[in-house]
Chemist: 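Below are the structure tokens for one structure; questions will follow.
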Amino acid sequence: MLRIGLTGGIGAGKSTVSRTLAECGAFIVDSDVIAREVVEPGTPGLAALVEAFGESILHPDGALDRPALAAIAFQDDAHRATLNAIVHPLVGARRAELMATAGEDAIVVEDIPLLTENSLAAFYHLVLVVHADVETRVARLAAHRGMNEQDARARVAAQASDEQRRAIADVWLDNSGDTEVLAQTVRDLWAERLLPYAHNLRTRQRAPWEPELVPADPTWPVQAQRVINRLAVACGSKALRIDHIGSTAVAGLDAKDVIDVQVTVESLDVADALADPLAAIGLPPIPGITADDPHDADIARWGKRIHAAADPGRAVLVHLRVEGWPGQRFALIFRDWLRSDQQVRAEYLAVKQAAARAAAAADGDPGAYVDAKEPWFAQAYPRALAWAEQSGWTP
């Protein structure tokens with residue numbers, strides 16, 4: 001089951017995206033719909049709200065007056081916390097009931113307005129964020145929900161900022177303009193990323209990627225953090241530390257558009273025990289790769305496990321290495337050495353450029369890229385260790 005989190009600020013227009021995904025074949029779980037169900041007349045949810053906020057939140061017929069509730073519940077953090085404490089558990093229970101009816105092969109899209117605020121992003125394979133500027137959102141709330149401007153702006157201000165949403169967004173969908181353009185973007189996303197991702201997840205296959213160098217992307221660390229957050233959930237206490245490593249962890253260094261992450265574990269047995277949990281979050285193991293090329297005589301301690309992303313839209317390699325073993329230490333030393341020494345960065349970039357040409361000559365074979373770099377790494381290894389010793393480096 002591929003699980004997609006869909007979110008965006010109030011008035012951003014998630015319904016357009018949700019509706020289009022449903023038309024494509026997604027199984028939609030809409031938290032707004034559920035939130036209405038759990039506070040319908042006669043439910044324990046509505047009774048709890050009345051007890052907390054008073055009879056003034058009801059219409060004459062006994063139904064919930066949502067604008068009246070919002071005017072009270074969103075006036076400060078304490079009232080908002082009370083509202084969330086009542087509604088969220090009820091929504092969660094109903095959500096679980098609906099999820100149980102989705103097939104194992106389904107692409108499930110959970111529409112969750114407060115996904116960012118409740119720190120839920122790491123529990124999804126992908127997060128889609130729908131965006132519209134504040135003025136557009138306020139106008140929509142006035143036109144379609146009957147809110148006055150003051151209430152609308154209070155609701156917008158009470159939610160996460162655009163910066164917070166960007167940090168969790170695997171896909172950023174702009175809904176400030178033509179909704180049909182947005183709908184076509186979503187259809188393309190479904191065909192080109194979500195369907196292949198679901199297939200790869202089901203079959204435990206990695207998505208292919210090209211070993212070509214691209215200009216340094218300043219968002220690589222933010223993208224890596226999203227991977228790290230998901231790994232932290234999947235690995236739990238089995239991960240002693242999780243680090244962004246490799247070229248994309250070095251600011252300003254051109255690199256393959258592949259996020260490398262190292263998970264430090266207690267033993268290779270622990271690494272093997274994580275094979276299924278990582279495959280479940282879209283990081284299946286690469287069979288046959290059980291060690292790094294050793295750079296010293298202690299060959300037995302260069303063992304590792306490696307996983308790659310099933311997501312065709314974000315290439316990731318996850319290296320599981322044992323704490324204190326040479327490969328684990330070198331991955332961290334090498335990253336920090338590159339960060340600290342501009343001359344070494346330039347030297348390594350030239351090596352990478354030559355390796356990319358070798359890979360291109362081999363019809364894009366990633367193995368050719370790795371093989372072309374190995375001779376340089378053989379002499380870079382003792383240099384990096386010497387730098388670590390001289391600089392007083394610690395992991």
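Note that this is a predicted model, so its numbers are computed, not measured. For this chain, numbers begin at 1 and follow the sequence in order.
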Chemist: Any side-chain heavy atom of Val263 sitting closer than 4.5 Å to one from His307?
Modeler: no
Chemist: Within this structure, what is the CD-OH distance for the pair Gln205 and Tyr197, rounded to the nearest 0.5 Å?
Modeler: 13.5 Å
Chemist: Verify side chain to side chain contact (heavy atoms under 4.5 Å, CB included) between Ile168 and Ser119, making sure each step is shown before the conclusion.
Modeler: CA-CA 9 Å; Ile168 67 161; Ser119 301; over 6 Å; no
Chemist: What are the two closest non-hydrogen atoms of Pro382 and Ala378, and how far apart are they?
Modeler: CD-O, 3.3 Å
Chemist: Can you say whether the rings of Phe334 and Phe377 are parallel (under 30°), tilted (30 to 60°) or perpendicular (over 60°)?
Modeler: tilted
Chemist: With sequence neighbours left out, write down each residue that passes side-chain hydrogen bond (donor to acceptor under 3.5 Å, both in side chains) with Glu37, or none if nothing qualifies.
Modeler: Arg94
Chemist: Checking Thr219 side chain against Val222 main chain: does a donor-acceptor pair fall under 3.5 Å?
Modeler: no
Chemist: Answer yes if Trp172 and Leu115 sit in the same cluster of Ile, Leu, Val, Met, Phe, Trp and Tyr residues linked by side chain heavy atoms under 4.5 Å apart, and no otherwise.
Modeler: yes
Chemist: For a 4.5 angstrom cut-off between non-hydrogen side-chain atoms, does Leu283 reach Leu231?
Modeler: yes
Chemist: Kindly say whether Gly324 contributes a backbone atom to a donor-acceptor pair with the side chain of Gln328 at under 3.5 angstrom?
Modeler: yes
Chemist: For the atom pair CD1 (Ile28) and CG (Leu6), what is the distance rounded to the nearest 0.5 Å?
Modeler: 7.5 Å
Chemist: Quick one: CD1 on Ile242 to CG on Leu320, what's the gap to the nearest 0.5 Å?
Modeler: 9.0 Å
Chemist: For the backbone of Arg339 and the side chain of Arg345, can you confirm whether one donor and one acceptor N or O come within less than 3.5 Å of each other?
Modeler: yes
Chemist: Do Thr82 side-chain atoms and Ala78 backbone N/O form a donor-acceptor pair below 3.5 Å?
Modeler: yes
Chemist: Looking at side-chain heavy atoms only, is the closest gap between Leu69 and Val39 below 4.5 Å?
Modeler: no
Chemist: Which atom pair, heavy atoms only, marks the closest approach of Ala122 to Val233?
Modeler: CB-CG2, 3.8 Å
Chemist: For the residue pair Pro196 and Ala191, what are the closest heavy atoms and their distance?
Modeler: CD-O, 3.4 Å
Chemist: Is Leu173 linked to Leu194 within one hydrophobic cluster, defined over Ile, Leu, Val, Met, Phe, Trp and Tyr using a side-chain heavy-atom separation of less than 4.5 Å?
Modeler: yes
Chemist: How many angstroms lie between atom CD1 of Ile286 and atom NE2 of His319, to the nearest 0.5 angstrom?
Modeler: 8.5 Å
Chemist: Minimum heavy-atom separation for Arg165 to Gly8, with atom names?
Modeler: NE-C, 3.7 Å
Chemist: Evaluate salt bridge (charged side-chain N to carboxylate O under 4.0 Å, His left out) for Arg301 paired with Asp298, printing each intermediate quantity in order.
Modeler: CA-CA 6 Å; Arg301 284 163 47 91; Asp298 195 3; 2.7 Å; yes
Chemist: Walk me through it: do Thr185 and Val17 pass the test side chain to side chain contact (heavy atoms under 4.5 Å, CB included)?
Modeler: CA-CA 9 Å; Thr185 299; Val17 175; over 6 Å; no
Chemist: Rounded to the nearest 0.5 Å, how far apart are CD of Gln262 and CG of Leu317?
Modeler: 12.5 Å
Chemist: Can Asp257 and Arg314 be counted as an ion pair, charged N to O under 4.0 angstrom?
Modeler: yes
Chemist: Using modelled atom types and a 3.5 Å cut-off, is there a donor and acceptor pairing between side-chain atoms of Thr7 and backbone atoms of Val129?
Modeler: no
Chemist: Around atom CD of Gln379, are there more than 12 heavy atoms of other residues, nucleotides or ligands at under 6.0 Å?
Modeler: yes
Chemist: Could you tell me if the side chain of Trp337 sits less than 4.5 Å from the side chain of Arg383, heavy atoms only?
Modeler: yes
Chemist: For the residue pair Leu278 and Ala234, what are the closest heavy atoms and their distance?
Modeler: CD2-CB, 4.1 Å
Chemist: Any donor-acceptor pair under 3.5 Å linking the side chain of His125 with the backbone of Leu2?
Modeler: no
Chemist: First locate atom CD of Glu110, then atom OH of Tyr124, and finally report the distance between them rounded to the nearest 0.5 Å.
Modeler: 3.5 Å
Chemist: Under a single-linkage definition using a 4.5 Å side-chain heavy-atom cutoff for Ile, Leu, Val, Met, Phe, Trp and Tyr, are Trp376 and Leu253 assigned to the same hydrophobic cluster?
Modeler: yes
Chemist: Closest approach of Ala26 and Val109, non-hydrogen atoms and distance?
Modeler: CB-CG2, 3.8 Å
Chemist: Under a 3.5 Å distance rule, please check whether Arg3 uses its side chain to pair with a backbone N or O of Phe123 as donor and acceptor.
Modeler: yes
Chemist: Does Leu21 reach the side chain of Ile4, with side-chain heavy atoms less than 4.5 Å apart?
Modeler: no
Chemist: Tell me, please, which residues at least two apart from Asp77 pass side-chain contact (heavy atoms from CB on, under 4.5 Å).
Modeler: Arg80
Chemist: Near Glu180 CD, under 6.0 Å, is it more than 12 heavy atoms from other residues, nucleotides or ligands?
Modeler: yes
Chemist: Quick check: do Asn200 and Arg206 have side-chain heavy atoms less than 4.5 Å from each other?
Modeler: no
Chemist: Taking Val261 as the starting point, is it possible to reach Ile333 by hopping between hydrophobic residues whose side chains are less than 4.5 Å apart?
Modeler: no
Chemist: May I have the list of side-chain donor-acceptor pairs in residues 48-64 shorter than 3.5 Å, sequence neighbours left out?
Modeler:
unit_1 : atom_1 : unit_2 : atom_2 : d
Asp61  : OD1    : Ala63  : N      : 3.0

Chemist: Not counting sequence neighbours, list each pair that qualifies as a side chain to side chain donor-acceptor pair (under 3.5 Å) and has a residue in residues 21-32.
Modeler: none
Chemist: For a salt bridge (charged side-chain N to carboxylate O under 4.0 Å, His left out) check, start with the C-alpha distance between Asp170 and Arg230, then their side-chain angles and the critical distance, and finish with the verdict.
Modeler: CA-CA 12 Å; Asp170 298 292; Arg230 289 178 174 121; 2.5 Å; yes
Chemist: Using a 4.5 Å cut-off on heavy atoms from C-beta on, say whether the side chain of Arg193 contacts that of Val171.
Modeler: yes
Chemist: Which residue pairs satisfy the side chain to side chain donor-acceptor pair (under 3.5 Å) criterion with at least one member in residues 242-254, sequence neighbours excluded?
Modeler: Arg241-Asp243, His244-Thr248, Ser247-Lys352
Chemist: Mind running side chain to side chain contact (heavy atoms under 4.5 Å, CB included) on Met99 and Met1 for me, showing each step along the way?
Modeler: CA-CA 10 Å; Met99 290 286 290; Met1 179 187 294; 3.9 Å; yes
Chemist: Are Leu332 and Trp220 connected into the same hydrophobic cluster when the rule is that any two of I, L, V, M, F, W, Y join if their side-chain heavy atoms are below 4.5 Å apart?
Modeler: no
Chemist: Any non-hydrogen side-chain atom of Trp190 less than 4.5 Å from a side-chain atom of Leu195?
Modeler: yes
Chemist: Apply side-chain hydrogen bond (donor to acceptor under 3.5 Å, both in side chains) to the pair Gln184 and Arg187, showing each step before the final yes or no.
Modeler: CA-CA 5 Å; Gln184 186 57 51; Arg187 287 190 284 268; 3.1 Å; yes
Chemist: Which is it for Leu189 and Leu128 under the side chain to side chain contact (heavy atoms under 4.5 Å, CB included) test, yes or no, and what are the steps along the way?
Modeler: CA-CA 10 Å; Leu189 175 69; Leu128 316 184; 4.0 Å; yes
Chemist: Quick check: does any side chain N or O of Arg305 sit under 3.5 Å from a backbone N or O of Asp272, one acting as donor and the other as acceptor?
Modeler: no
Chemist: Are the side chain of Gln390 and the backbone N or O of Trp387 linked by a donor-acceptor pair below 3.5 Å?
Modeler: no
Chemist: Any side chain to side chain donor-acceptor pair (under 3.5 Å) involving residues 11-21? Give me the pairs, sequence neighbours left out, ordered by first then second residue.
Modeler: none
